[in-house]
Amino acid sequence: MAERRVWALAAEFRGADDLLDAVRQIRGFGFRDLDALSPFPVPGLPEAIGFEDRTVPYAAAAGFVLGFLAVFAGEVWMNAIDYPLNVAGTALLAWPAFAYAAFQVGCLVAAAAAVAAMLWLNRRVNAPYDEAFRRATQDRFFVVVPVADGRFTPREIGDLLYGIGAARVIEV
Amino acid sequence: MMDAADRHALFEPLTRQIAEITLHRRIRVAWWLALLASAALTALFVVGIVWLFAEGVGIWGINIPVTWGLDIVNAVWWVGIAHAGTLISALVLLMRQTWRNALNRFAEAMTLFAVTIALIFPVIHLGRPEVFYWMLPIPNAAGVWPQFRSPLLWDVFAYLSYFLLSATFWYLGLMPDFATLRDRARARWQAWIYGRLALGWRGSAVAWARWRQTYLAVAACAFIVVSVHSAVAMLFASSLLPGWHSTIFPPMFVVGAVFSGLATVVILAAVLRWSFCLDNVITDEHFDILSRLMLGAGLFTGYTYGLALFHAWFGGDLHARHTVVLRLAGSLAWQTWLSVALSLGVLQALWWARVRRSPAGAALVGAAVVVGMWLERYAIITGGLARDFLPSAWRDYAPTLPEWLLQIGAFGLFCLLFVLFTRFVPLISIFEVKAEAAANGGERHG
Amino acid sequence: MPAHDPSRRAFLTGLAAAATLGACGDGPPREAVAYVDQPENVIPGKPLFFATAIPLQGYAQPVLAESHMGRPTKLEGNPRHPASRGATDAFTQAAVAELYGPDRSRAVLAGDDAAAWADFAALAAAAAGPGLRILTGTVTSPTLARQLGMLADRGVRWHVHEPIATAATVGPGIALLSRLDRARVVVSVGDDLLGPGPHQVWNVARWAEARRRQAGGLLLVAEPTPTLTGTAAADRLAVPPSRLDALVRAIGAAFGVGGTTAPSLSERERAWVEKAVRRMGAAGARALLAVGPAAGAEAAALALAVNRVTGALGDTVTMIRSPAVTPPDGAGSFQALLDAMQAGVVERLLILDSNPAYTAPPAFRGALARVPMRYHAGPYRDETARLCHWHVPLAHALEDWSDARAVDGTVTVIQPLIRPLGGGVSAHTVLSAFLGAPAAPLETVQATWRATWDDGFEDRWAEALREGFVAGTDAQTVAEIAMPQPRETGGPAGEGLDVVFLPDPSVWDGRYAAVPWLQELPKPLTKVTWDNVICLPAAQAVRVGAGNGDLVEVVVDGRSVSGAAWIMPGQAADTLTLFLGYGRTAGAGLAAGRGYDAYAVRPDGAVTARGATLRRLGGASGLAVTQLHQTLAGRTDIVRTVGSGETAATDHPTASLHPPWPDLRPAWGMVIDLDLCTGCNACVVACQMENSVPYVGPEEVARGRAMHWLRVDVYHEADGAVFAPVPCMHCEQAPCELGCPVNATVHGPDGLNQMVYARCIGTRTCSSYCPWKVRRFNFFDYAGALPDDYRPQRNPDVTVRGRGVMEKCTYCVQRISAARIDARVEGRAVAEGAVRTACQQACPARAIAFGDLGNPDSAVSRARADVRHYAMLGELGTRPRTTYLARRRRA
């Protein structure tokens with residue numbers, strides 16, 4: 001079997017609090033681009049690992065605006081421009097009425113945009129991990145420290161991780 | 001008070017308890033019986049629809065003036081029930097109340113199934129159901145478009161976006177749990193299916209972070225639940241009819257929907273807790289909270305009823321006042337009083353903590369509320385049409401057998417979907433329950 | 001298609017047209033001549049109009065028959081005819097549906113077997129002689145009379161049986177004809193002047209004219225059971241029929257006519273009589289005392305004397321030579337036949353267009369069995385046909401040549417529009433056969449007129465066919481006859497209840513039972529369909545514990561009948577009403593077995609009976625009623641009544657958030673004058689025939705799914721009943737349009753609320769949103785369920801609606817469209833009066849005005865400016881284009 005290059009080391013911890021402490025310590029050591037694995041979203045973890053991406057909320061907002069405008073424009077075109085009809089003597093540009101469907105679809109597009117952004121941005125995030133980490137979805141927590149060239153060897157990182165209380169270290 | 005070490009010791013037992021419901025190989029006999037029973041009732045639904053399409057809507061009891069009967073009552077009632085699921089999963093989430101974590105999975109499932117059924121009725125009730133798609137903005141040879149000023153068309157967009165949004169939200173919450181199941185599955189086919197459904201989820205914190213952003217964003221979009229049932233209310237309030245033309249209708253319907261939906265959630269919670277021994281997950285405290293919510297929603301609903309009657313009387317309009325009298329003391333008054341007795345009268349039992357905290361008690365109250373709210377929709381819709389402006393047009397409505405087949409069959413379809421849900425999908429949100437346990441010290445689930 | 005305007009009629013030119021239409025198989029015969037002007041060409045798709053008449057109980061109801069490609073589809077009144085002035089009644093409107101009825105007899109029958117006409121003709125030729133008797137209904141046809149005369153020369157005796165007495169006779173061959181347009185005051189004692197029958201159009205048109213000019217139309221009515229005349233009355237007195245005679249004698253006493261003993265009257269009766277006498281005195285010769293058959297012959301004679309004293313005789317009522325030919329035995333004609341039959345003198349009997357086995361007292365059946373050879377000629381294989389040895393199907397009035405007189409005596413030559421659909425044979429052909437001189441009806445009718453007109457036959461014949469009547473044939477007034485002396489009558493009221501026998505407002509004496517649209521036509525005062533009811537006063541209903549629809553039994557003279565009870569507001573105390581025309585057993589189509597047979601308990605041709613008993617039976621009859629709630633329930637703003645000069649409108653002009661839409665002309669609008677509407681239902685049937693509105697049957701009507709686009713609501717209030725015709729309001733801001741998700745109902749630039757059948761998906765939101773509930777839904781495929789026989793009657797300019805589609809009044813958009821096309825072709829605007837909706841055109845009272853609201857001089861605009869004008873539910877702000885003129889309080 002050929003030697004696989006170790007890309008990162010993952011340290012296993014028992015509890016969410018332990019995980020948070022470990023992450024903070026590791027960041028204190030100067031490591032960046034950390035990741036973690038947990039069975040549920042741990043409050044404070046995204047900040048701890050330095051996650052600051054706000055693309056998803058922006059995508060949602062943009063989706064709402066675009067969806068709203070598109071549907072509204074469509075309604076205006078259908079009911080006021082392409083085939084205008086006198087319906088109950090109401091205005092052709094019945095904007096309160098048109099706004100309703102636009103709002104509904106806007107919300108839907110916002111949600112879809114958020115989900116699409118998430119799926120797209122997350123597409124490779126979970127890829128490095130395999131069945132070895134199956135307990136990450138059950139009851140174990142992991143910190144993932146990338147092996148950046150130069151600064152530390154994998155073994156050194158491993159020792160460091162055991163030092164701060166990891167139950168186990170796995171090579172990724 | 002448990003310490004951190006003990007808290008996380010709960011995770012595995014919790015996970016096992018919930019996951020085994022779906023992963024367990026041998027399926028209990030009771031489940032098969034439930035499946036068969038609901039499938040049989042669903043068959044009635046199919047029979048009702050086939051009969052309807054073959055003969056026409058004339059087989060129902062509708063007439064002029066009561067052109068809408070059980071068809072629209074059900075379309076409104078089912079989508080109303082759905083609202084509480086969204087309330088619990090989305091709106092309560094935004095309020096950062098973690099008690100919802102034990103309930104939101106099956107509540108959201110309830111929403112999805114209820115909306116599915118609610119989508120069926122408006123399609124089959126058409127005189128020409130084969131061209132239902134003309135309500136959608138699809139180009140056609142005549143070049144005619146839908147009419148967007150119509151509240152009915154608002155409902156089309158409302159129901160469809162609500163359905164898609166609920167499905168999206170539900171799936172979003174399911175992804176991590178599918179991963180959990182994949183990692184526990186003993187059979188290869190189970191692991192494979194849940195694996196594909198999990199979309200490769202491993203629990204990465206970066207993924208979690210984005211996931212949470214998405215979860216909150218979609219939950220915020222779930223505010224359309226207010227607009228959905230407002231549009232349903234506008235279907236009636238946009239008309240000029242004396243019992244319908246009232247600005248209180250949108251709030252009344254929304255609150256009433258949440259009310260009836262909470263009642264259904266309570267019933268489902270009690271049934272699931274009993275069927276799957278989930279006492280430690282769906283605790284008495286959950287019932288207490290749900291009952292309080294139900295009581296609050298019910299009182300609010302009662303208040304809006306009072307307002308509606310008051311507005312009608314205070315406005316001085318002759319026809320509106322006549323309608324008030326008819327509703328309270330006329331030939332159709334039994335509908336009003338029976339629905340109030342069931343939905344608001346029985347509700348008062350929830351003032352007692354013993355009833356609130358008991359699953360059976362709360363579920364019984366919930367059942368009365370659900371039936372009472374159905375009757376309330378029935379009274380508003382058919383009663384409003386049966387007695388409007390011109391006495392020469394007054395005529396009563398009575399549902400016929402084909403309509404009852406659809407009524408019972410819809411209930412059967414709901415049960416069928418739910419029974420299948422409990423078998424194949426984790427009915428409690430495993431990761432959220434663990435998150436709640438981690439946050440709250442595990443008292444609830446010890 | 002030409003506009004429905006008298007001055008613009010398309011028509012036929014001789015051979016060319018006949019060839020075109022003959023290609024369609026059942027075209028009008030070659031010799032038919034169309035109405036008025038002649039165009040150069042016949043355009044396929046454009047209808048032709050032929051002037052003819054439909055006999056109603058023998059009296060001609062003049063019509064213009066509209067024919068599409070050789071098929072009659074609609075009947076309009078003949079505006080040039082002096083009797084009808086262009087209006088029609090419900091029976092006449094339905095005649096075109098009657099023509100195509102699948103239940104009509106289509107074969108000559110010998111017993112139960114089909115036979116050949118030739119065989120019957122041979123038998124008939126040998127049958128004429130003293131042993132042959134002929135029984136018919138009322139005969140006004142000069143040709144038929146001539147033929148009967150020729151048969152009389154051979155010893156054939158002719159008798160008349162007519163179950164319903166309509167024309168008041170004062171002597172042999174002399175009838176009374178009212179002229180209500182000249183009357184300021186009409187006092188009616190049991191005379192249903194405005195009610196259904198051959199005189200309805202004549203009377204209503206004239207009464208409405210007087211009322212419209214506010215120069216008359218004041219009605220004081222005393223009657224035992226509510227009728228249309230009583231509903232229109234200013235003062236209505238409900239009295240048992242046994243009291244009618246006393247009332248007439250009291251009036252007579254006031255005018256110095258009649259016996260010396262004044263009858264004793266109750267307080268209320270006296271007040272009414274005093275009021276009547278006072279009004280009559282003030283009106284002088286312009287008053288009219290009319291007495292119906294329920295009051296008795298003595299009262300009729302008394303009334304005649306009173307009218308002579310007041311000077312009304314010769315003014316508001318005239319004696320004319322009766323249009324109906326008098327049979328040899330006069331009023332006792334039928335009894336004479338019955339006696340002869342029972343005596344065994346009658347060897348052969350021809351029953352021509354009459355159904356005595358059903359309409360005559362039961363003794364007739366027994367007597368009939370004693371006649372060795374019986375022939376029946378009639379439109380249906382009815383109860384009488386089944387008792388006869390031979391049955392010959394009779395042609396419909398639209399199928400062959402004939403002639404008839406209207407109620408004023410004017411002759412109309414009846415010309416056919418279509419060859420007999422089912423091998424029907426004209427009555428003239430039948431009599432020709434008996435005369436042994438077979439001849440086509442055309443020849444026979446022409447022979448009559450050749451003899452009558454000394455010269456210029458061809459021109460006069462063509463003119464008669466073009467105009468639709470023969471000028472100068474109205475009946476001569478009879479100046480002096482020996483007045484019958486009124487005798488002292490009256491005895492004490494007997495035990496038991498009084499009974500009044502009335503013809504049914506929808507099927508008359510039963511002859512229209514097989515016409516489903518008439519079966520489904522709601523009776524004006526009960527709104528019952530497909531059934532007849534036994535009317536009870538409220539006190540009797542309480543006594544026997546019966547509500548509407550419960551089965552009750554009435555026993556008269558030892559014979560009993562049971563039927564559905566109906567509590568009739570305004571019914572006289574201790575009086576029951578039994579309606580004739582139901583309970584049929586043969587030849588009645590879908591109505592077979594429905595309702596009860598009042599003829600079974602009716603004393604010989606009587607209008608009233610005494611000493612009846614009433615009791616409740618168990619069970620109820622499921623009545624199909626179109627209007628279940630018949631009171632205003634306090635909503636008096638819906639149907640308004642105003643005093644003299646009082647303004648009816650209470651609504652303020654409503655502001656709107658909607659932008660103003662451009663006002664285009666013509667802006668169609670309709671105004672219905674509630675003061676003139678008598679509730680006769682002619683408009684309802686006219687609308688159904690014009691727009692191919694299907695019937696749905698009694699089960700569906702009971703479920704509330706009747707399809708009448710135009711309905712006439714009735715509200716029984718404390719001071720009487722009111723009628724309100726309700727078509728689509730064509731709101732400018734229509735709630736129905738707002739609710740439709742697919743643009744299936746939108747607003748046209750001319751103000752019409754348009755219904756697009758092809759786009760409708762059937763959500764029924766429009767109906768839910770409509771405050772007047774005028775929309776009708778095809779819950780099943782009603783049009784498709786109709787027998788194929790009726791398809792030729794359908795108007796080719798109107799779409800046939802399928803299952804799941806909404807429909808409603810369209811202001812006869814096909815007529816508007818046709819007028820618009822004509823106007824555009826000729827480069828001019830649509831003229832005032834060029835478009836007349838079917839309902840407007842049929843109404844005998846001309847209660848409906850329709851036209852361009854943008855034209856300040858149009859009839860509708862002037863009606864809108866009237867102080868009595870208001871919009872029903874106008875406060876809703878939908879701006880309906882259909883509005884009303886309030887009823888005037890009848891002082």
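On a predicted model such as this, the values are computed, not experimentally measured, just so you know. Sequence lines set the chain letters: A, B, ... in the order given, protein chains first and strands last, and positions in each chain run from 1.
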Asker: Output the distance between atom CG (B:Leu241) and atom OH (C:Tyr769), rounded to the nearest 0.5 Å.
Answerer: 9.5 Å
Asker: Sort out for me which of B:Pro129, B:Ser238, B:Ala393 touches chain C most, counting heavy-atom pairs under 4.5 Å.
Answerer: B:Ser238
Asker: Does B:His322 use its side chain to pair, donor to acceptor, with the backbone of C:Gly634 at less than 3.5 Å?
Answerer: no
Asker: Could you report the tightest heavy-atom contact between C:Arg705 and B:Trp60, atom names first, then the distance?
Answerer: NH2-O, 2.6 Å
Asker: Between C:Arg775 (side chain only) and B:Pro65 (backbone N and O only), is there a donor and an acceptor less than 3.5 Å apart?
Answerer: no
Asker: Looking at every heavy atom in both C:Arg803 and B:Leu52, which two are closest together, and how far apart are they?
Answerer: NH2-O, 4.0 Å
Asker: When heavy-atom pairs shorter than 4.5 Å are enumerated against chain B, which of C:Pro771, C:Gly739, C:Ser768 gives the highest number?
Answerer: C:Ser768
Asker: Flag yes if more than 12 heavy atoms outside C:Leu657 fall under 6.0 Å of its CG atom; otherwise flag no.
Answerer: no
Asker: Counting heavy-atom pairs under 4.5 Å with chain B, which one of C:Val756, C:Thr765, C:Thr631 comes out on top?
Answerer: C:Thr765
Asker: Go through C:Cys740, C:Ser767, C:Pro735 and name the one with the most non-hydrogen pairs under 4.5 angstrom from chain B.
Answerer: C:Cys740
Asker: Under a 4.5 Å cut-off applied to non-hydrogen side-chain atoms, are C:Phe780 and B:Ile59 in contact?
Answerer: yes
Asker: Would you mind checking which part of B:Arg321 comes under 4.5 Å of any heavy atom in chain C, side chain (CB onward), backbone (N, CA, C, O), both or neither?
Answerer: neither
Asker: With a cut-off of 6.0 Å (strictly less than), are more than 12 heavy atoms of other residues, nucleotides or ligands near CZ of B:Phe314?
Answerer: no
Asker: Taking heavy atoms only and a threshold strictly under 4.5 Å, list by residue number the residues of residues 66-81 of chain B that touch chain C; give 'none' if the list is empty.
Answerer: B:Thr67, B:Trp68, B:Asp71
Asker: Against chain C, work out which of B:Pro391, B:Gly56, B:Ala398 has the most heavy-atom pairs shorter than 4.5 Å and name it.
Answerer: B:Pro391
Asker: Return the minimal non-hydrogen interatomic distance between C:Asn743 and B:Trp145, and the atom names on each side.
Answerer: ND2-O, 2.9 Å
Asker: For the CH2 atom on C:Trp661, are there more than 12 heavy atoms of other groups (residues, nucleotides or ligands in this structure) within a distance under 6.0 Å?
Answerer: yes
Asker: Quick one: does any side-chain atom of C:Arg635 pair with a main-chain N or O of B:Leu318 as donor and acceptor, under 3.5 Å?
Answerer: no
Asker: If contact means a heavy atom pair closer than 4.5 Å, which residues of residues 711-724 of chain C contact chain B?
Answerer: C:Arg711, C:Asp713, C:Tyr715
Asker: When B:Leu390 is tested against each of C:Val774, C:Ile638, C:Leu632 for side chain to side chain contact (heavy atoms under 4.5 Å, CB included), which residue passes?
Answerer: C:Ile638
Asker: For the CG atom of B:Asp396 and the NE2 atom of C:His629, what is their distance to the nearest 0.5 Å?
Answerer: 6.0 Å
Asker: Can you name the nearest heavy-atom pair linking C:Gln627 to B:Ser392, along with the distance?
Answerer: NE2-CB, 3.4 Å
Asker: Tell me whether C:Arg703 contacts the main-chain N or O of B:Gly58 through its side chain, where contact means a donor paired with an acceptor under 3.5 Å.
Answerer: no
Asker: Just so I understand: if I count every heavy-atom pair under 4.5 Å between each of B:Asp388, B:Asp155, B:Val131, B:Val156 and chain C, which residue has the most?
Answerer: B:Asp388
Asker: If you tally heavy-atom pairs under 4.5 Å against chain B, which of C:Pro741, C:Cys736, C:Cys770, C:Ala744 wins?
Answerer: C:Pro741
Asker: Check whether C:Met806 gets within reach of chain B through its side chain, its backbone, both or neither, counting any heavy atom under 4.5 Å.
Answerer: neither
Asker: Could you tell me whether a side-chain N or O of B:Gln147 sits under 3.5 Å from a main-chain N or O of C:Glu737, the two making a donor and an acceptor?
Answerer: yes
Asker: Considering all heavy atoms of both residues, which atom of B:Trp394 and which atom of C:Leu628 are nearest to each other, and what is their separation?
Answerer: O-CB, 4.1 Å
Asker: Side-chain contact test, heavy atoms from C-beta onward, threshold under 4.5 Å: evaluate it for C:Phe777 versus B:Ile62 and give yes or no.
Answerer: no
Asker: Sort C:Val696 into side chain, backbone, both or neither according to what part of it lies under 4.5 angstrom from a heavy atom of chain B.
Answerer: neither
Asker: With a 4.5 angstrom heavy-atom cut-off, is it the side chain or the backbone of C:Asn778 that approaches chain B, or both, or neither?
Answerer: neither
Asker: So, do C:Glu875 and B:His319 sit near enough that their side-chain heavy atoms are less than 4.5 Å apart?
Answerer: yes
Asker: Quick one: pull up CH2 in B:Trp134 and CD1 in C:Ile761 and give me the separation to the nearest 0.5 Å.
Answerer: 8.5 Å
Asker: Mind ranking B:Leu153, B:Val57, B:Leu152, B:Ile64 by heavy-atom pairs under 4.5 Å with chain C and telling me who comes out on top?
Answerer: B:Ile64
Asker: Using a cut-off of under 4.5 Å on heavy-atom pairs, state which of B:Arg149, B:Glu55, B:Glu130 scores highest against chain C.
Answerer: B:Glu55
Asker: To check you understand the geometry: which heavy-atom pair defines the closest contact between B:Leu126 and C:Arg764, and what is its length?
Answerer: C-NH1, 4.3 Å
